[in-house]
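Chain identifiers are assigned alphabetically (A, B, ...) following the order of the sequence lines, protein sequences preceding nucleic acid strands; residue numbering begins at 1 within each chain.
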Amino acid sequence: MAQLAQVIVDVPTMQTNRPYTYQVPTRLENQVKLGMRVVVPFGNGKRQVQGFVVGLDQPTKYNGQLKAIDALMDLQPVIGDELLRLSKWLADQTYSFWISSIYTMLPNMLKAKSTRVVKIVDEVDERVTFDVFHGKDELDFATVQSNPQIVSLLLKLQKRGKVRFEYVVADKAKAKTTVGIRPQLNFEELEEARTSLHANARAQNRLLSYLQSIVGKTIKQADAERISGLKAATFNTGVQKGWLTKVPIEVYRTPLGQEPLPDDHHLAKPLALNDEQQAAADKIEQAIDDSQSRVFLLEGVTGSGKTEVYLQSIAKALQNHKTALMLVPEISLTPQIVNRVRRRFGSKVAVLHSGLSAGERFDEWRRINRGEAQVVVGARSAIFAPLTNIGVIILDEEHESSYKQDEAPRYHAREVAKWRGKYNDAPIVLGSATPSLESRARAMKGVYQLLQLKHRVNKRPLPPIKVVDMRPEIKERGESNFSRELLTKLTDRLAKNEQSILMLNRRGFSSFMMCRDCGEVLKCPNCDISLTLHMDSHTMKCHYCGHEEPIPRFCPHCGSREIRYYGTGTEKVERELTSLIPQARIIRMDVDTTRRKGMHEKLLRQFGQHQADILLGTQMIAKGLDFPNVTLVGVLNADTGLGLPDFRSSERTFDLLSQVSGRAGRADKKGEVVIQTYNPDHYAIQFAQKNDYEGFFKREMTLRHQAGYPPYYFTVRLMASHEDEAVAARAMAQIKEQLTKSLMPSTIILGPTPRAIARMKRRYYYQIVIKYKQDQYLHSLLQKILQETQSKGKNDVQISIDPDPQYFM
DNA sequence: AGCACGCCGACT
DNA sequence: GTCGGCGTGCTC
């Protein structure tokens, strides 16, 4: 019988980042369990917050009077043993608050909203009642918080005992319900009711018969109407006569495009595997059978049938009465891949992606939590799906940088997967055509087991790739996004009624407004970057802080009218393409045209139905798309990423070009790829042209070795920010001193340097990058630095730590 | 985060 | 003399 409970409260600060001990009141005895949400008093006054039970009956050194838990928010724990442990590990690994790592694992709906309400408890001035309280006797404090006059007025009234501040912890988690009907009488009583009916009350008579057939059951009213053929009005009469009652029935929200498959739906059969696939599948399935928590790197060229190996591994796990988790990068979480999994495993599948509403996400989460779904497909955060007894975890496109969250907690889904694999004694499958250097290097060392698929399933060669040097093109024809060669091929496809995909590599691109007379570039007043033109809203926007201003007609610096937009945006390319090939029908896909929910799918569907000849887009079109009629893929600017100060820029360029090349000639028709570049001799482009991952890997490893980058070193990035640049710089210099003193001599400390975007949201940023092979002091030292520099207000230096950063910029 | 306690300037 | 500014420290 639990007397005490250790609770992590929803106050994300360094000082409160530890469990607090509460008493379990007698009325809640035997009900409080690990992983439940509770409402607890915290701090002075009547403040209440949400918390999570992370321990029971552990002794406490606290000498003060313990407070008691106010209420339970759940009947069943929302976090099981595995995820509770994982949340602690995650907080430790990513240097974040325990409460934050708990919340990243749960759907947003489980985060209760804590509101402050001001209540009138005694007669107050009529004008106050009217003006401030709008005639009501209570007020949501959040609505007046920003008005200092009202705030001080309310505080005065509080002192005089006229009003009281109260806290309300409101749970947002609501299950959607529909009306259900339930017979109130038993069979005989219903029969009895029939005798008192008028002879012509035929509908009521039928209702009674129907109710007799469902005694003791609860049926959705919609279903009842359909089955019985009776109208809603008849059921209402039944309620009036006391024959039946209406009760809410909990139902799941149905995400668009995720409608349940019909009951008689035939699940798709597994496809036959070729020898390579079979060999890989055998190894994975053996590990599933033996409950081995090893890691496989499944390296397979585009079209080599990795997905089928995934699906059969999942089938194996299910066959062993276990569950399976499959992660896909958000960008390739397309209906195509999702449908393939659902056709194979039907209603066992739950899908988690960013397009779901909060309610839909919550419902999918509950289906998984209740064990109603045994297969989960989702993007990064789906790695926290509340599956139990996992048999296999798959990460498709494991090299994708989107598996690393770029805000706190800065976790990498691959590392979380490995943790869960160990906990569940389940193998991990990392799949990619172009594995990350880290993973491939581990496979070479034997840490992971390498499984290779070297041949395409359809035995077709990969499409030939033509690299076009844009330098002479520009010299001869002036500024253009299209080489003659690409234009010729596009026109040719048009004539043959075939389709083309054009990709504009936007990585690292800044489009900006510049004055042709004085060279002034329009910049964000808060951040250190140029503003981007958004034609949909006709404004200039800052991508970092969201600042927005009208498009200027005159240069704000010199007043000249010659202020123009620079940078290769998709819109501009579309305009050029329209003027070059007026008869071509173009679909443009970029952030602007796909912002609205469902637009992404809609545009792809239109293209799939050949409502356009050319699909023009940014990186988002590079992955997973499979259009049989596409025979030409063009990359307009292959090298924009190469000049970036990022040690992974070659790797990313190689990946991107390899991915996009795989989009051509998926079916019977022959495909071809055109890559336009200003760096035709760059090794990333050369190796991509030859489809030579092995060559690229060796070359890039040599360079990483020379420069001391991953995978030869582990890295951590420390960032400090302050409103005053000098303060941020000084804080970092101090930290560097501390690091140098305490870390191992083999550890390399770079910086401090101002970040590439030195100012963001009115703060200046400095960073230090630590490179190490093995350093036993590092982790605890970083924890200590965080403790010491814990910021209390906006006037303090803010420190953040990014383990294994994706970018150093 | 939110709240109280506490120590210095401009006011009924 | 007091009201209230926000720096500091604590929350089981």
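- Closest to the A:Arg116 side chain, of the nucleotides B:dA1, C:dT11, B:dG2, is B:dG2.
- Atom CD1 of A:Ile69 is separated from atom C1' of C:dC12 by 11 Å (rounded to the nearest Å).
- Summarising the geometry, the separation between CE on A:Met14 and C1' on B:dG2 is reported as 19 Å, rounded to the nearest angstrom.
- The nearest whole Å value for the distance from the CD atom in A:Gln50 to the C1' atom in C:dC12 is 17 Å.
- Considering only side-chain N and O atoms, A:Tyr22 lies under 4.0 angstrom from the phosphate OP1 or OP2 of C:dC12.
- Rounded to a whole Å, the CG atom of A:Leu4 is 10 Å from the C1' atom of C:dC12.
- Atom CD1 in A:Ile8 sits about 15 Å away from atom C1' in B:dA1, given to the nearest Å.
- Here B:dG2 presents its C1' atom at 13 Å from CG of A:Asp10, a figure rounded to the nearest Å.
- How far OG of A:Ser800 is from CE of A:Met719: 3.5 Å, rounded to the nearest 0.5 Å.
- Computed from coordinates, the A:Asn44 CG to B:dC5 P distance equals 7 Å when rounded to whole Å.
- In this structure, the aromatic ring of A:Tyr20 is not positioned over the six-membered ring of the base of C:dC12 within 5.5 Å between centres and 30° between planes.
- Using a 4.0 Å heavy-atom cutoff across all strands shown, A:Pro19 reaches no nucleic acid atom at all.
- By the side chain to side chain contact (heavy atoms under 4.5 Å, CB included) test, A:Pro77 is found to be paired with A:Lys33, A:Met36, residues two or more places apart in sequence or in another chain being considered.
- The A:Arg18 side chain lies nearest to C:dC12 when the options are C:dC12, B:dG2, B:dA1.
- Distance A:Phe165 CZ to B:dG2 C1': 12 Å, rounded to the nearest Å.
- In this pair, A:Tyr20 and A:Phe42 present their aromatic rings perpendicular. The plane angle is above 60°, beyond the 30 to 60° band.
- Judged as a ring-ring contact (aromatic ring centres under 6.0 Å, His included), not a single pair has a partner in residues 104-130 of chain A (not counting sequence neighbours).
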